[in-house]
Amino acid sequence: MFTGKTAIVTGGSRGIGRAIALALAAQHARVAILYAGNQAAAEETVSLACEAGGEIIARRCDVSDSAQVKQVCDELIAGWGGVDFLINCAGITRDGLMLRMKDEDFDAVLSTNLRGAFLMTRACSASMVKRRFGRIVNISSVSGLMGNAGQANYSAAKAGMIGLTKSVARELAARGITCNAIAPGFVETDMTAALSDKAIEAALSSVPMKRMGKPEEIAALACFLCSDPAGYMTGEVIRMDGGLAM
Ligand code: NAP
């Protein structure tokens, strides 16, 4: 149980982030989800938690915007008196072959997925350092480990998150703060629903388990990384991908 703990989950309005936020709230953490603009989805996450007897609040915050990140994190941390868990899950894709990829598609993906994780980590870690406790979980991707044709921007961002994870882990380890990454494979969310049936079939053909992952499976791993038994694990990248990248 995470009674008395506080958590910020970026990208918590939908998909994997929603599942993580609900799983933390189900274990009695007080959770804030950050989202980009889909207010209806954010409100649905809040209602789902409420129906299950949990506590989630939602804040609109573009994680790539330094001023917004600072303002929202400062407000949450001041209200709670500190933050225990940060889950960097906000992410977007702008897929396309590298030769034809537009500058803005490269920059947008790097800004949300990588810069966002950096800004959030910087904004939350001072409170964690002060309290000598913290758990940071970055949602990377197998694309960051293997590369993926059509995802030069996304793979670069997700590989960058792994470097960020290890540097942050080294900087903060002595202060009781762990920082780990999860590298999911194909997971059933809006992000993968955008793929054609043919693309999903092709993708699953290289997954030994021959199925997509569920957001709840990733959420269970994120909860483990926040738990006391994971206290001696830091700088780790854990694949949860049905065997795709082994
Ligand atoms: P999703 O269903 O598309 O949800 C994306 C979430 O990120 C939404 O909550 C969205 O908010 C939020 N978001 C996007 N841009 C943001 C911004 N600039 N500031 C704040 N929030 C922002 O995605 P998902 O599939 O759950 O993916 C979650 C994470 O897992 C991503 O980092 C993704 O790269 C990673 N991942 C996913 C898969 C997969 O197969 N699904 C595999 C590997 C890794 P709104 O609702 O307001 O738009």
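This chain uses plain numbering: 1 for the first residue, then up along the sequence. For ligands, and for the atoms within them, numbers begin at 1 and follow the listed sequence.
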statement: Candidates Met212, Met191, Met240; heavy atom nearest atom 27 (O) of ligand 1 found on Met191
- prompt: Between Gly17 and ligand 1, does any nitrogen or oxygen pair lie at a separation below 3.5 Å?
  reply: no
message: Using the rule that Ile, Leu, Val, Met, Phe, Trp and Tyr join whenever any side-chain heavy atoms are under 4.5 Å apart, tell me whether Phe118 and Ile177 fall into a single cluster.
response: yes
- request: Heavy-atom distances under 4.0 Å are what count here, so tell me which part of Lys158 touches ligand 1: side chain, backbone, both or neither.
  value: side chain
- request: Answer yes if Met128 and Leu76 sit in the same cluster of Ile, Leu, Val, Met, Phe, Trp and Tyr residues linked by side chain heavy atoms under 4.5 Å apart, and no otherwise.
  value: yes
message: Counting only heavy atoms closer than 4.0 Å, does ligand 1 sit against the backbone of Asp62, its side chain, both, or neither?
response: both
query: Would one find an N or O of Cys89, backbone or side chain, under 3.5 Å from an N or O of ligand 1?
result: yes
query: Does ligand 1 have a heavy atom under 4.0 Å from the side chain of Tyr35, from its backbone, from both, or from neither?
result: both
- request: Using a strict cut-off of 4.0 Å, indicate which atoms of ligand 1 neighbour a heavy atom of Asn38.
  value: 45 (P), 46 (O), 47 (O)
query: Which atom names give the shortest non-hydrogen contact between Arg30 and Trp80, and what distance separates them?
result: NH1-CD1, 3.7 Å
Side-chain donor or acceptor of Thr178 paired with backbone N/O of Thr234 under 3.5 Å: no
For atom 16 (C) of ligand 1, closest protein heavy-atom neighbour: Ala36 CB, 3.5 Å
task: Considering the heavy atoms of Ser141, write down every atom of ligand 1 situated less than 4.0 Å from one of them.
output: 43 (C), 44 (C)
query: Taking both backbone and side-chain atoms of Ala41, is any N or O found less than 3.5 Å from an N or O belonging to ligand 1?
result: no
- line: Taking only non-hydrogen atoms of Gly91 and a 4.0 Å limit, the atoms of ligand 1 in range are 5 (C), 7 (O), 14 (C), 31 (C), 32 (O)
message: Is it true that Thr165 and Asn138 share a donor-acceptor pair across their side chains at a distance under 3.5 Å?
response: yes
- request: Say whether Gly185 and ligand 1 are in contact under the criterion: heavy-atom distance to a ligand atom below 4.0 Å.
  value: yes
- prompt: For atom 12 (C) of ligand 1, what is the nearest protein heavy atom, given as residue, atom name and distance?
  reply: Gly11 CA, 3.6 Å
query: Are any side-chain N or O atoms of Ser143 and backbone N or O atoms of Asn148, one a donor and one an acceptor, separated by less than 3.5 Å?
result: no
- prompt: Gly37 to ligand 1: N or O pair under 3.5 Å?
  reply: yes
field: Short N or O distance, Leu34 and ligand 1, threshold 3.5 Å exclusive
entry: no
query: For atom 33 (C) of ligand 1, which protein heavy atom lies nearest, and how many Å away is it?
result: Tyr154 OH, 3.3 Å
statement: At under 4.0 Å between heavy atoms, what of Cys61 touches ligand 1? The answer is backbone
Part of Ala183 with heavy atoms under 4.0 Å of ligand 1, whether side chain, backbone, both or neither: neither
query: Does the N or O separation between Arg14 and ligand 1 drop below 3.5 Å for any pair?
result: yes
field: Which of the ligand 1 atoms, numbered from 1, are nearer than 4.0 Å to a heavy atom of Ile92
entry: 14 (C), 15 (N)
query: Against heavy atoms of Asp190, which atoms of ligand 1 measure under 4.0 Å?
result: 2 (O)
- prompt: Given that the side chain starts at C-beta and the backbone is N, CA, C, O, which of these parts of Ile16 lies under 4.0 Å from ligand 1, counting heavy atoms, or is it both or neither?
  reply: both
query: Evaluating non-hydrogen atoms only, which member of Val109, Thr189, Leu195 is closest to atom 41 (N) of ligand 1?
result: Thr189
query: Ile87, Val46: one ILVMFWY side-chain cluster at the under-4.5 Å cut-off?
result: yes
- request: Spell out, yes or no, whether Phe2 and Phe133 are grouped together once hydrophobic residues are joined by side-chain heavy atoms under 4.5 Å, including indirect joins.
  value: yes
task: Please work out whether any backbone atom (N, CA, C, O) or any side-chain heavy atom from C-beta onward of Val187 is under 4.0 Å from ligand 1, and answer side chain, backbone, both or neither.
output: both
statement: Going by the 4.0 angstrom heavy-atom rule, the piece of Ser13 near ligand 1 is both
field: Flag if over 12 foreign heavy atoms under 6.0 Å of CD, Gln71
entry: no
task: Please report the closest heavy-atom contact between Ala67 and Asp65, naming both atoms and the distance.
output: N-OD1, 3.0 Å
message: Just to check, does Gly116 reach to within less than 4.0 Å of ligand 1 when the distance is taken from its heavy atoms?
response: no
query: Applying a strict 4.0 Å limit to heavy atoms, is Ser140 in contact with ligand 1?
result: yes
message: So that I can tick it off, tell me whether Glu44 and Arg18 are bridged by a salt bridge, with the cut-off set at under 4.0 angstrom between side-chain N and carboxylate O.
response: yes
- request: For Ala7 and Leu24, work out which heavy atoms get closest and say how close.
  value: CB-CD1, 3.9 Å
